[in-house]
Amino acid sequence: MYAFDLVKPGTVAEAASALAGGEAQALGGGQTLIPTLKQRLADPGTLVSLSHIDEMKYVRESGGTVEIGGGTTHAMVAKAVADIYPGLADLAGRIGDPSVRNRGTIGGSLANNDPSACYPAGALGSGATIITDKREIAADDYFQGMFTTALDEGEIVTGVRFPIPEKAHYSKMPQPASRFPLVAVYVAKFADGVRVAVTGASEDGVFRWTEAEEALGANFSTDALGGLSASEDGMIADIHGTAAYRAHLIGVMTKRAVAEMS
Amino acid sequence: MTKVSMTVNGKAVSGEAEGRTLLVEFLREGQGLTGTHVGCDTSQCGACTVHVNGEAVKSCTMFAADAEGAEVTTIEGMANADGSLGTIQQAFQDYHGLQCGFCTPGMVMIAADLLKNNPNPTEHEIRDYLEGNICRCTGYHNIVKAIQAAAGQSVPAVAAE
Ligand SMILES: Cc1cc2nc3c(=O)[nH]c(=O)nc-3n(C[C@H](O)[C@H](O)[C@H](O)COP(=O)(O)OP(=O)(O)OC[C@H]3O[C@@H](n4cnc5c(N)ncnc54)[C@H](O)[C@@H]3O)c2cc1C
Ligand code: FES
Ligand code: FES
């Protein structure tokens with residue numbers, strides 16, 4: 001690692017001013033950033049640790065939504081929303097391994113927007129709203145391609161608000177070495193429609209499979225998916241799987257999610 | 001360099017750390033607690049697992065400065081007060097839960113974390129919890145048996161004696 005200063009603000013306002021200095025970068029749970037720093041793929045002059053900001057660690061339910069603080073760990077989410085929003089709790093409880101879940105945060109995962117990460121699928125599939133220190137951004141506008149989001153330099157994800165669907169399920173085909181999804185699909189059924197978000201598959205990162213959403217909106221059953229197949233155009237191809245294999249998995253994982261929910 | 005203080009195995013300690021000093025470096029090099037191992041240094045293997053404020057973390061993937069003021073427990077803190085092996089450690093010995101022993105400190109720490117959250121886990125739950133802890137020797141069977149035994153479950157004795 002290159003050398004850097006580590007600062008530990010206690011409030012969002014202090015963190016925002018520490019990050020305003022250009023060379024500074026936010027540190028969430030460090031479960032992605034620390035390995036990146038070790039490979040010298042990042043060289044921030046200052047790291048602004050968000051772990052000591054209590055106002056970013058919370059879970060609040062109100063009027064059909066649940067809002068989760070950006071500094072809330074995966075383990076905390078898995079526990080705290082188990083009764084309120086079980087589909088999301090299950091997603092959080094299957095990220096990586098227990099030690100990763102004790103440090104990694106929802107804000108860090110969404111800011112990073114790894115094309116194979118779990119939370120982007122949960123947020124886009126739920127139609128969540130990303131809350132920052134400056135504004136609120138709809139998930140549909142937030143995810144802008146692999147490792148790319150609507151966040152400005154130094155902007156902090158302070159929370160995420162999820163509308164709670166009637167039911168939801170996350171189907172994950174883990175890549176056994178990394179434990180990230182090879183392909184995973186989040187299906188959420190609301191009174192007014194169905195959302196289907198796919199991660200791990202596309203070179204553009206998480207995306208909505210709108211054909212499946214329409215088919216499931218008309219008839220919520222695995223039969224409705226029978227004739228559909230996702231296109232392999234723009235799918236990731238690497239040593240773990242070809243583009244055609246990933247496209248095939250999208251259909252399989254969507255069916256599995258719907259079967260779990262039926 | 002700044003001064004970092006924390007409680008390690010019940011004892012107040014402090015030492016100098018840079019921003020980039022990892023918790024595992026602080027423990028091993030600063031405090032001489034070399035029981036915590038570095039297997040991969042890439043957050044994969046879990047040999048470096050310790051408890052921070054009662055939760056298992058990979059100490060190669062946390063900065064020492066972020067553990068300022070924390071209660072840290074390492075493998076050295078798992079023995080009984082008289083120096084004899086703690087329950088989980090003894091079960092690893094009794095059930096041959098180790099061969100080379102490199103992964104063992106992390107295995108014991110993750111097992112302790114599991115049994116705190118789930119005192120009577122099923123075999124499936126144990127295997128699931130070991131997701132982030134890699135062993136190159138045992139094939140895991142005897143590690144799982146040791147954890148079942150430490151949980152007080154009746155486990156068939158191992159063949160080799
Ligand atoms: C072994 C292993 C297995 C894993 N498996 C999975 C998996 O199955 N699924 C999965 O989704 N992820 C997985 N992860 C990644 C893990 O979920 C990370 O915790 C997560 O991607 C990043 O969150 P973090 O809090 O650790 O962020 P960090 O690593 O601290 O930061 C990541 C990036 O986000 C920025 N950042 C952090 N917090 C904020 C914030 N609040 N606001 C703005 N920017 C911020 C940082 O500057 C950095 O660029 C795995 C990681 C490991 C080590
Ligand atoms: S040394 Fe920390 S996970 Fe391998
Ligand atoms: S006993 Fe050798 S790595 Fe586990």
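These numbers come from a predicted model, not from an experiment. Sequence lines set the chain letters: A, B, ... in the order given, protein chains first and strands last, and positions in each chain run from 1. Just so you know, these numbers use all the heavy atoms, side chains as well, and skip hydrogens, waters and symmetry mates.
Only the side chain of B:T49 comes within less than 4.5 Å of a heavy atom of chain A; its backbone N, CA, C and O stay farther away. Only the side chain of A:L27 has a heavy atom closer than 4.5 Å to any heavy atom of chain B. In this structure, no portion of B:L130 lies under 4.5 Å from any heavy atom of chain A. Heavy atoms closer than 4.5 Å to chain A are found nowhere in B:L114, neither backbone nor side chain. In this structure, no portion of A:A75 lies under 4.5 Å from any heavy atom of chain B.
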Margin query: Under the criterion side-chain contact (heavy atoms from CB on, under 4.5 Å), I'd like the reasoning laid out for A:K38 against B:D41: C-alpha separation, chi angles, the key distance, then a yes or no.
Written below: CA-CA 9 Å; A:K38 287 181 182 178; B:D41 202 24; 2.7 Å; yes
Next item on the list: Apply side-chain contact (heavy atoms from CB on, under 4.5 Å) to the pair A:T73 and B:E55, showing each step before the final yes or no.
Entry: CA-CA 12 Å; A:T73 63; B:E55 293 180 339; 5.8 Å; no
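Counted within 6.0 Å of CD on B:Q153, heavy atoms from surrounding residues, nucleotides or ligands total more than 12; the atom is thus considered enclosed. The neighbour count for A:D83 CG, taken as heavy atoms of other residues, nucleotides or ligands under 6.0 Å away, does not exceed 12. Taking a 6.0 Å sphere around OH of A:Y245, one finds it holds 12 or fewer heavy atoms contributed by other residues, nucleotides or ligands. Heavy atoms of other residues, nucleotides or ligands lying less than 6.0 angstrom from CZ of A:R256 number 12 at most.
Once rounded to the nearest 0.5 Å, the distance linking CD of B:E131 with OG of A:S99 reads 11.0 Å.
Of all the listed residues (A:H52, A:R179, A:K8), the one sharing the greatest number of non-hydrogen pairs under 4.5 Å with chain B is A:R179. With chain B as partner, the option from A:D97, A:L37, A:D5 having the largest number of non-hydrogen pairs under 4.5 angstrom is A:D97.
Annotation: side chain of A:L6 is not in contact with side chain of B:T2 (no heavy-atom distance under 4.5 Å). Looking at heavy atoms from C-beta onward, A:V100 lies out of side-chain contact with B:S43 at the 4.5 angstrom threshold.
Taking every heavy atom of both residues into account, B:C60 and A:I34 meet most closely at O-CG2, 4.1 Å. Taking both residues in full, the closest heavy atoms of A:Y2 and B:R20 are given as C-NH1, 3.6 Å, listed atom of the first, atom of the second, then distance.
Residues of residues 65-88 of chain B lying under 4.5 angstrom from chain A, judged on non-hydrogen atoms, are B:A65, B:D66, B:E68 by number.
At distances below 3.5 Å, at least one donor-acceptor pair connects side-chain atoms of A:N102 with backbone N or O atoms of B:A56.
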